[in-house]
Amino acid sequence: MKHIVTVLLMLCLYGTAISQNTFTATIKDKDSKEALFGVSVYFPQLEKGASTDSMGKVSIDDIPSGIYTILVTHLGYESIELQQSFPLGEELILLMEHGHEEMEEVLVTSTRSGRTIEDVPTRVEVIAGEELAEKGNMKPGDIRMLLNESTGIQTQQTSATSYNSSIRIQGLDGKYTQLLRDGLPLYSGYSGGLSLMQIAPLDLKQVEVIKGASSTLYGGGAIAGLVNLISKTPGEDRELNFMVNGTSALGLDLSGFYSERYGKIGTTVFASYNKGTAYDPAGIGLTAIPEFERYTINPRMFWYLDEATEINLGFNFTTENRLGGNMDYIEGKSSSGYFESNETDRLSTQFDATHRFSDHSRIQVKNSISFFDRSIAIPNYVFSGEQVSSFSELNYVTFGEKMEWIVGGNLWTEKFDQRQGDPDNDLSFSNTTTGVFVQNTWNMATQWTLETGLRGDYQSQYGAYLLPRFSLLYEPNERITFRTGGGLGYKTPTQFTEDTERLHFRNILPIDFSATRAERSTGINLDVNYKWLVTEELSLSTNALLFYTQIDDPMLLQANSNGMYVFTQPNGYINTQGLEANMKWTYHDFKLFMGYTFADVKEHYDSQESEYPLVAKHRLNNVLMYEKHGNFWIGLEAYYFSPQKLSDGSTGKSYWIMGIMSEKKIGKYFSLFLNFENMLDTRQTRFDTIYTGNISDPQFRDIYAPVDGFVVNGGFKLSL
């Protein structure tokens with residue numbers, strides 16, 4: 001009997017063993033036939049699963065005989081559901097299609113190559129689509145909010161009363177960032193003043209940001225990086241958009257955009273009216289938001305001569321009157337008091353012609369001419385002048401399966417004429433920069449791409465400069481990407497900086513060009529992107545960036561014994577180093593964005609080290625978004641700024657900014673939006689001062705926190 005039981009047990013165990021099977025499969029991209037890493041394979045009935053390895057292979061053991069449902073999922077791909085009978089005859093080969101609902105491919109134009117953002121070796125951050133629209137709702141009149149809420153970028157307010165601001169990338173002064181419009185430098189020198197306040201976002205297709213030394217791309221000035229504003233162009237369908245926005249601070253924004261193509265002709269037209277009312281939430285008698293009125297018109301024409309040739313021509317005109325300062329003076333209750341008046345006129349032309357010789361080569365010519373007139377008035381002083389600048393470029397692109405070459409040259413002219421100010425200290429100047437460049441992108445192997453560039457510039461006042469750069473992309477699989485890059489840069493001395501803007505260009509001694517030299521920089525960065533499908537519903541996308549930039553022979557503005565301000569170049573350097581980290585969690589209709597910036601910026605002069613002023617060493621960006629696509633979205637945002645060193649030697653307070661933003665689609669063409677900005681009413685005037693002395697003659701301190709406080713804005717959008 002004992003032996004019989006033993007035999008029966010052995011037979012049962014044998015039967016169980018032979019009923020257990022192994023599932024094996026190789027999973028590839030349907031188009032490229034490349035193996036997919038990290039694909040999730042799951043048996044719901046058995047609650048068993050595994051992920052593919054770097055070869056696209058997956059193996060799951062101990063599967064009983066029978067028929068089972070198998071779910072195959074991967075971020076960015078259409079899910080596969082199949083029924084499979086076990087025992088399995090042979091290994092499966094599964095091909096996955098790209099998801100039909102994934103975002104449209106984003107083409108990057110700032111590097112001139114026209115590659116998608118995933119394939120370009122240079123690290124480019126793109127703000128586009130719904131994110132661009134959401135930020136546009138919050139500040140429809142300008143692009144400050146669009147940039148300030150991005151990791152590693154800070155918009156620095158330079159005037160307490162006029163609201164003027166500049167861009168700081170990775171903690172460096174705004175003069176080290178190059179601001180472009182469709183690859184054309186329209187906002188530099190004197191014309192850089194008030195630029196962030198006078199660019200509306202409604203006609204923008206996307207915003208591209210390259211951080212780190214980028215002078216090789218478009219010439220001197222991009223030591224900290226560049227911001228390229230890409231305009232919308234005519235598409236297959238007509239586009240007609242209107243936006244009306246009002247604020248609790250009695251601001252008004254009206255804007256409209258029209259785009260259409262008629263066969264071989266296309267056009268876009270953008271127009272806006274922006275109005276601000278003098279606003280003093282602190283009750284101190286000074287404007288936090290100035291009184292202003294601005295008109296903008298931007299028409300463009302496109303000619304599609306044939307399948308190979310395209311030409312577009314446009315112009316942009318903006319006129320604005322802006323008045324800030326003593327509330328009683330602005331409201332007409334007093335004939336005296338401190339004020340700051342800005343009257344500006346901008347006119348710029350844009351020309352672009354592209355001809356494709358074949359599918360593998362093209363030539364492009366582009367040009368812009370910019371006229372800028374600005375008058376700044378404060379009590380007992382007026383400064384005014386006119387700047388005329390131009391930029392012309394010719395480039396030729398040829399590309400094949402493994403190699404892409406871009407060669408070209410450009411000419412950049414600037415001329416500023418001072419009309420009013422101190423006649424003994426005329427800030428007028430003119431210069432010319434001629435440059436030639438060559439860029440190469442080499443697909444070295446399936447997973448490696450190298451981009452190199454070399455630029456040679458000759459500047460009429462400072463001589464010749466040779467600027468190399470490189471970017472390396474390594475993509476071992478679909479989930480992880482490594483990029484590293486670096487290069488040299490330069491910035492010729494300019495009298496139009498954040499510091500001179502704060503002084504309204506008063507008591508500024510002209511730069512002695514014969515006794516100064518250009519600022520030189522070296523920069524390098526390394527970043528890693530990782531995508532992870534945690535579960536079928538939960539996905540994570542992360543990015544980490546390490547950066548370092550050093551600027552030699554920086555220009556400093558210092559007061560002399562006569563009360564005048566002079567530009568000097570002490571022996572030393574400025575360096576910035578740090579980390580940017582971003583995480584994006586997606587779960588059904590919820591998205592959580594988390595960003596952290598660590599920027600350690602130091603000045604090194606005469607063997608002494610000190611912190612660079614107006615830099616938040618630690619910043620947090622957090623946004624929680626709920627979105628029913630095409631119907632409704634609402635978001636909660638919170639931003640933290642750590643204490644900042646101020647130029648008077650003191651230290652500012654840390655602070656948080658929180659807000660709620662929302663939009664509801666009503667029907668096919670109409671939507672309502674409502675935003676609560678700075679709900680905590682965080683204001684520098686609540687925990688610190690913005691000026692010293694008498695309110696009739698205030699001596700303004702650094703502005704490191706908001707001054708406008710809690711503001712509600714809302715309105716509607718009409719898309720026909």
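Owing to the predicted nature of the structure, the values given are computational and were not obtained by experimental measurement.
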Determine whether the aromatic ring centres of His618 and Phe598 lie less than 6.0 Å apart.
yes
Hey, do the aromatic rings of Phe496 and Phe505 have their centres closer than 6.0 Å?
yes
Other residues, nucleotides, ligands: >12 heavy atoms within 6.0 Å of Lys232 NZ
yes
Looking at Met594, I'd like to know if its CE atom is crowded, meaning that more than 12 non-hydrogen atoms belonging to other residues, nucleotides or ligands lie closer than 6.0 Å.
no
So, Gln154 side chain and Gln156 main chain: donor-acceptor pair closer than 3.5 Å or not?
no
If a pair satisfies salt bridge (charged side-chain N to carboxylate O under 4.0 Å, His left out) and one of its residues is in residues 157-174, list it, with sequence neighbours excluded.
Arg168-Asp173, Arg168-Glu498
Do the rings of Phe641 and Tyr655 sit parallel, tilted or perpendicular, given the 30° and 60° boundaries?
parallel
Using the test ring-ring contact (aromatic ring centres under 6.0 Å, His included), find all partners of Trp448 that sit at least two apart in sequence or belong to another chain.
Tyr474
Residue list, ring-ring contact (aromatic ring centres under 6.0 Å, His included) with Phe567, at least two apart or on another chain:
none
Ion pair present between Arg294 and Glu320, side-chain N to carboxylate O less than 4.0 angstrom?
yes
Ion pair check, Arg346 and Asp373, cut-off under 4.0 Å
no
His604 and Tyr573: CA distance, side-chain angles, deciding distance, ring pair (Phe, Tyr, Trp, His ring centres under 6.0 Å) verdict
CA-CA 5 Å; His604 305 262; Tyr573 62 94; 4.3 Å; yes
Output for pair (Thr233 OG1, Asp203 CG), nearest 0.5 Å, gives 11.5 Å
